[in-house]
2 protein chains.
Amino acid sequence: MNGRAYSALGAHLKTLREARGLTLSRLAADAGLAKSSLSRLERGDANPTLDTLWRLARELDVTFSALTAPIAKTTSVDAPLPAATDDVALTLVERGMGAPAVDVYLMHLMPGAVRDAEPHTPGTEESVQLIAGSVSVGSQKTSGTLAPGERLTFDAGQAHRYVAYDDGATLLVTIVYPHRHEEGDS
Amino acid sequence: MNGRAYSALGAHLKTLREARGLTLSRLAADAGLAKSSLSRLERGDANPTLDTLWRLARELDVTFSALTAPIAKTTSVDAPLPAATDDVALTLVERGMGAPAVDVYLMHLMPGAVRDAEPHTPGTEESVQLIAGSVSVGSQKTSGTLAPGERLTFDAGQAHRYVAYDDGATLLVTIVYPHRHEEGDS
DNA sequence: CTAAAACGTTCCATATATCGAACAGTCGCG
DNA sequence: CGCGACTGTTCGATATATGGAACGTTTTAG
């Protein structure tokens with residue numbers, strides 16, 4: 001079983017709930033599920049259904065990934081994950097179709113993970129904001145090591161690389177594409 | 001129910017499986033679940049358990065977030081978000097528990113929407129990156145109007161305000177909390 | 001100090017997700 | 001041709017996640 005990880009999720013859930021000043025009963029009612037279910041879930045004594053998780057995510061105003069973040073960390077249930085293959089998870093958070101176009105990705109790097117990124121279209125600018133852990137990032141021209149909360153912007157027209165250290169890294173990657181025809185920027 | 005999003009997950013799952021050249025029967029066996037369960041899951045006719053998703057993620061060598069990526073995008077299941085109440089939607093994307101702590105929110109502002117935010121703890125810094133639309137944001141001391149891709153950082157220790165214009169705005173809000181005791185940054 | 005309401009927990013009935021087996025279709029081989 | 005091994009699907013039985021009503025405890029009224 002995976003009782004261990006369930007309790008991690010439960011704790012996280014409880015944190016989110018309390019951060020919003022909600023009581024268990026209240027959240028359960030708002031999310032449309034029974035108090036008992038939520039209680040057991042928070043106690044880590046449950047194997048919730050996707051639907052259940054969903055309702056909670058919606059009610060707590062968090063994305064599904066944010067809700068299940070502690071799970072993503074849990075290397076695996078009970079079998080060791082062959083993390084060697086891909087220890088980098090990249091999730092598109094939002095895509096902006098304005099001028100210029102902007103994409104935002106959430107990147108999770110396992111400890112020691114290295115991600116090499118191909119150059120984008122020349123003129124593309126990439127901005128990296130570290131959320132947790134520590135990471136070294138950049139292109140040949142511009143690079144640096146970040147602490148949580150810090151940010152680095154570099155030219156993504158060249159190859160660039162991300163390297164996570166012992167504690168892994170969670171970071172936000174914003175890609176600003178060059179606008180094709182407009183020069184609205186004064 | 002949420003059939004629509006389930007089918008999205010199912011399709012994604014099938015893609016992952018086929019990308020690895022695995023048959024349904026094989027994957028089911030390796031993951032330790034019944035063929036029938038996996039079949040219904042891929043057909044989008046299921047409300048899987050966390051445990052089930054887990055085993056699949058492990059067996060497919062993807063992180064949990066990667067597996068549930070299509071879900072993450074689905075802001076809500078199928079129930080219309082109670083957006084009517086507020087023309088501002090705020091979703092927690094990720095929470096960093098490092099030092100300092102960092103929270104990232106995704107904010108959607110309807111055209112003309114105004115959001116007034118209470119001051120946070122003194123020393124808290126807020127960074128806003130515009131993804132699409134246009135917005136005016138800031139505190140008394142620091143404020144500005146942003147174009148897509150632009151960013152503004154200001155002191156969130158004071159009251160601050162977001163104003164969206166005719167085309168609304170999608171933006172990323174990063175909140176960096178002051179670290180309580182440490183100054184490890186050399 | 002008592003009464004009422006709220007909190008979170010635990011119990012049991014029910015809904016349902018999962019399992020295992022039988023199923024129709026396809027492919028390879030003798 | 002017919003057989004065997006395989007694909008993915010559908011069917012009943014079982015395990016279990018959820019819902020609703022109890023519970024003991026704490027907080028708010030009165």
Side-chain angles (χ1 to χ4, degrees), chain A residues 1-60 64 67-68 70-71 74 76-79, chain B residues 1-60 64 67-68 70-71 74 76-79:
Chain A
M1 300 287 181
N2 7 36
R4 173 183 302 112
Y6 288 155
S7 63
L9 176 65
H12 180 57
L13 190 56
K14 187 169 186 174
T15 303
L16 288 175
R17 174 173 66 79
E18 290 176 340
R20 284 160 184 68
L22 291 171
T23 68
L24 188 148
S25 316
R26 183 74 193 286
L27 174 59
D30 291 353
L33 44 90
K35 290 192 300 182
S36 53
S37 304
L38 184 54
S39 174
R40 278 181 323 199
L41 221 170
E42 285 192 354
R43 298 190 53 111
D45 181 19
N47 176 19
T49 274
L50 188 53
D51 180 66
T52 300
L53 291 174
W54 227 323
R55 295 177 182 221
L56 288 171
R58 174 164 60 79
E59 201 56 38
L60 289 168
F64 192 82
L67 181 65
T68 57
I71 302 181
T74 315
S76 88
V77 189
D78 53 0
Chain B
M1 292 298 172
N2 7 34
R4 173 180 299 115
Y6 287 154
S7 64
L9 176 66
H12 180 56
L13 190 55
K14 187 168 186 174
T15 303
L16 286 176
R17 173 172 67 79
E18 291 176 341
R20 283 160 183 71
L22 291 172
T23 69
L24 187 149
S25 316
R26 183 72 195 286
L27 175 59
D30 290 354
L33 43 91
K35 291 192 299 182
S36 52
S37 304
L38 183 53
S39 175
R40 285 208 327 246
L41 221 170
E42 285 193 355
R43 299 188 53 106
D45 180 20
N47 175 19
T49 274
L50 187 54
D51 180 66
T52 300
L53 291 174
W54 224 323
R55 297 179 181 217
L56 288 172
R58 172 165 60 81
E59 202 56 38
L60 290 168
F64 192 82
L67 181 65
T68 57
I71 303 180
T74 317
S76 79
V77 189
D78 61 351

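To find a chain, count down the sequence lines: A is the first, B the second, and so on, and within it residues start at 1.
- Within the structure, every pair that satisfies the salt bridge (charged side-chain N to carboxylate O under 4.0 Å, His left out) test and touches residues 5-19 of chain A, not counting sequence neighbours, is listed here: A:R17-A:E42.
- Taking atom CG of residue A:L24 and atom C1' of nucleotide D:dT27, one finds them 17 Å apart after rounding to whole Å.
- Remark: C1' of C:dG8 and CD of A:E42 are 9 Å apart, rounded to the nearest angstrom.
- The side chain of A:T49 sits closest to C:dA17 out of C:dA17, C:dT9, D:dG19.
- We find that CG of A:L27 is positioned 12 Å from P of C:dC7, with the value rounded to whole Å.
- For A:K35, taking side-chain heavy atoms from C-beta onward, the closest of the listed nucleotides D:dA17, C:dG8, C:dC19 is C:dG8.
- The distance between atom CG of A:L38 and atom P of D:dG19, rounded to the nearest whole Å, is 10 Å.
- For the pair B:L9/B:L53, a side-chain contact is recorded, criterion being any heavy-atom separation below 4.5 Å from C-beta on.
- Mapping A:S25 and B:T52 onto DNA chain C via the closest heavy atom, the residue that lands nearer the 5' end is A:S25.
- Of the candidates D:dA17, D:dT7, D:dG19, D:dA17 carries the atom nearest the A:N47 side chain, counting heavy atoms from C-beta on.
- Remark: C1' of C:dC11 and CG of A:D45 are 13 Å apart, rounded to the nearest angstrom.
- Computed from coordinates, the A:L50 CG to C:dA17 P distance equals 11 Å when rounded to whole Å.
- Regarding B:L41, its CG atom lies at a distance of 14 Å from the C1' atom of D:dT9, rounded to whole Å.
- Among the heavy atoms of the strands lying under 4.0 Å from B:T23 are primed sugar atoms or P, OP1, OP2 only; no base atom is included.
- Taking the side chain of A:R43 as heavy atoms from C-beta on, and the options D:dT10, C:dC19, C:dT9, the nearest nucleotide is C:dT9.
- Heavy-atom neighbours of B:R26 CZ from other residues, nucleotides or ligands within 6.0 Å: at or below the threshold of 12.
- The main-chain N or O of B:S36 is never found under 3.5 Å from a side-chain atom of B:R40 such that the two would form a donor-acceptor pair.
- Among the nucleotides D:dT9, D:dG19, C:dT10, the one closest to the side chain of B:S39 is D:dT9.
- Per the geometry, CG belonging to B:D51 stands 16 Å off P belonging to D:dA15, to the nearest Å.
- A side-chain donor from one of A:N47 and A:Y6 sits under 3.5 Å from a side-chain acceptor of the other.
- Under the 4.5 Å side-chain criterion, counting only non-hydrogen atoms from C-beta, A:S37 is not in contact with A:T52.
- Put simply, the side chain of A:T49 does not reach to within 4.5 Å of the side chain of B:P48, judged on heavy atoms.
- Put simply, the side chain of B:S36 and the base of C:dG20 share a donor and an acceptor less than 3.5 Å apart.
- Remark: A:R17 in residues 14-22 of chain A come within less than 4.0 Å of DNA chain C through at least one heavy atom.
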